[in-house]
Every structure is written in C-alpha cells, then in structure tokens.
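This is a predicted model, so every value here is computed, not measured.
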Amino acid sequence: MTRLFAALALVLCTQTAHAEMAQRAGWSVTPSSKSYDALIADVKSAAKAHKMGVVTQAGPTGAARQRGITIPGNRVIGLFNNVYAVNILNLSTAAMIEAPVRVYVTENQDGTATLSYKLPSTVFAPYVDEAGPELATLATELDGIFGAISAQATQ
C-alpha cells in the first residue's frame, strides 16, 4: 500500500512538473520553437550581445536525473551588468538583493522551450520609495534590455 501511494505521488509530481509557464502580471513569458538546450545557448549569446553577463545558473534537471527522476528541462540564469549593479547599489543597498535579474528557461511537453522572467521594473518596484525615481528609471532601462535579450533569444 505504501508503494502504491509513493508511486501515485511520483506520477502526480511528474505531471505537475510538465505544466507550461502561463502569462502573469509583471512577467514576460515567451514560448519559442527552439529546443531547451538551444534556447539556453541563445539566451547566453543574446545576453552577451546586450552587454549583460551570465552571473548565475541553477536548475534541478541534472540533479534529478542523477537520482533516477526525469523532469523537463528547467534552468534559471541570472543576468546582470556591473554598471547597473553599482548604480543601483548607490541608490539602495536593499535593492541589490534582487541582482542578478533571473530568466527562466523551461522545457515544454512538445520539446520546445519557453523563456520567462519577472520584469526588472516589477523586481525593483518595492525599493523605489526608498531609492527614488532614479531606480524606477534604471529598472525601465533594464526592461528594455531584457526585452531585447528575450526577442533575440527566442527568434
């Protein structure tokens, strides 16, 4: 009986893991016709083209595979630029907890991938009262850069 519940739980978790990203307020969600691996490579290339560095990368897919669990491709990539980091830090020490801004590459059931991220203006909005309108201006600039990265990477 315990094995039956464990098997059922695994099936339900696996089915949930295949849910594709949905549009939501304050996010950009862009499905692509590219494979998961191709979209990751193109995000990195587009980030470099728009003078953003790949600062972090993390995802559970490889570690799950090593444990014998198969889940769809899932990678979070942190992107940022030191010029923005210094400027934001000068406005709000607390706001720097949000850097790097993360983009999320997820594998879809049909083998394509989706690129999602919270808009930088959404990410930094809680700090604008403290930092002032200059932070909102920088975040809006970052919205444009991340939009360009997304457009280039998903085409």
Side-chain angles (χ1 to χ4, degrees), residues 13-128 131 133-155:
C13 289
T14 302
Q15 288 176 343
T16 301
H18 286 283
E20 295 181 12
M21 291 297 292
Q23 295 291 338
R24 58 194 73 223
W27 284 59
S28 170
V29 178
T30 308
S32 78
S33 60
K34 296 181 179 187
S35 71
Y36 170 73
D37 290 330
L39 186 54
I40 288 173
D42 289 348
V43 164
K44 292 176 183 180
S45 177
K48 184 175 182 179
H50 293 280
K51 298 181 175 40
M52 295 300 262
V54 174
V55 179
T56 60
Q57 293 187 69
T61 309
R65 187 177 314 113
Q66 291 174 348
R67 295 177 43 229
I69 301 169
T70 301
I71 61 173
N74 192 290
R75 174 81 55 92
V76 176
I77 305 169
L79 305 175
F80 221 59
N81 171 305
N82 186 258
V83 172
Y84 282 96
V86 170
N87 289 338
I88 290 171
L89 185 59
N90 282 330
L91 297 170
S92 169
T93 300
M96 276 306 295
I97 191 72
E98 306 297 347
V101 174
R102 298 163 309 194
V103 299
Y104 190 28
V105 179
T106 51
E107 184 177 23
N108 303 319
Q109 286 183 331
D110 66 359
T112 63
T114 296
L115 178 61
S116 307
Y117 60 93
K118 289 182 183 178
L119 298 171
S121 57
T122 298
V123 170
F124 290 106
Y127 309 95
V128 171
E134 190 175 347
L135 179 58
T137 299
L138 290 172
T140 299
E141 287 176 22
L142 286 167
D143 282 353
I145 293 168
F146 276 76
I149 291 168
S150 178
Q152 181 178 334
T154 58
Q155 295 306 309

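The line from OG1 of Thr122 to CG of Asp143 is 7.0 Å long, rounded to the nearest 0.5 Å. Rounding to the nearest 0.5 Å gives a distance of 11.0 Å between CZ of Phe124 and OH of Tyr84. Remark: Arg65 CZ to Thr70 OG1 distance equals 7.5 Å, nearest 0.5 Å. The structure places CE of Met52 at 11.0 Å from CG of Asn82, a figure rounded to the nearest 0.5 Å.
Within a 6.0 Å radius of NZ in Lys118, no more than 12 heavy atoms belonging to other residues, nucleotides or ligands are found. Heavy atoms of other residues, nucleotides or ligands lying less than 6.0 angstrom from CZ of Arg67 number 12 at most.
Taking all atoms of both residues into account, the shortest heavy-atom contact from Thr106 to Tyr36 is C-CD1, 4.4 Å. When all heavy atoms of Lys44 and Val54 are compared, the closest pair comes out as CG-CG2, 3.9 Å. Residues Tyr117 and Arg102 come closest through the heavy atom pair CB-O, 3.3 Å. Here the shortest heavy-atom pairing between Gln152 and His50 reads OE1-NE2, 3.0 Å. Summarising the geometry of Asn74 relative to Thr61, their closest heavy-atom pair is N-OG1, 3.0 Å, with the distance given to 0.1 Å. Closest of all the heavy-atom pairs between Pro31 and Thr114 is CA-OG1, 3.6 Å.
Using modelled atom types, no side-chain atom of Gln57 and backbone atom of Arg75 make a donor-acceptor pair closer than 3.5 Å. For the pair Asn108 (side chain) and Asp110 (backbone), a donor-acceptor distance under 3.5 Å is absent. A donor-acceptor contact shorter than 3.5 Å is absent between the side chain of Ser45 and the backbone of Ala153. Put simply, the side chain of Ser92 never gets that close to the backbone of Ala131: no donor and acceptor are under 3.5 Å apart. A donor-acceptor contact shorter than 3.5 Å is absent between the side chain of Ser121 and the backbone of Thr140.
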May I have the step-by-step check of side-chain contact (heavy atoms from CB on, under 4.5 Å) for Phe146 and Val123, ending in yes or no? CA-CA 12 Å; Phe146 276 76; Val123 170; over 6 Å; no

Before giving the answer on side-chain contact (heavy atoms from CB on, under 4.5 Å), spell out for Met96 and Ile88 the whole-Å C-alpha distance, their side-chain angles and the decisive distance to 0.1 Å. CA-CA 7 Å; Met96 276 306 295; Ile88 290 171; 3.9 Å; yes

After noting the C-alpha distance and the side-chain angles of Leu79 and Ile145, does the key distance pass the side-chain contact (heavy atoms from CB on, under 4.5 Å) rule? CA-CA 11 Å; Leu79 305 175; Ile145 293 168; over 6 Å; no

Worked verdict on Asn87 versus Glu134 for side-chain contact (heavy atoms from CB on, under 4.5 Å): CA-CA 9 Å; Asn87 289 338; Glu134 190 175 347; 5.7 Å; no

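In summary, the side chains of Ser35 and Asp37 do not present any donor paired with an acceptor at a separation below 3.5 Å, with no hydrogens or angles considered.
A heavy-atom distance below 4.5 Å is not found between the side chains of Ser32 and Leu115.
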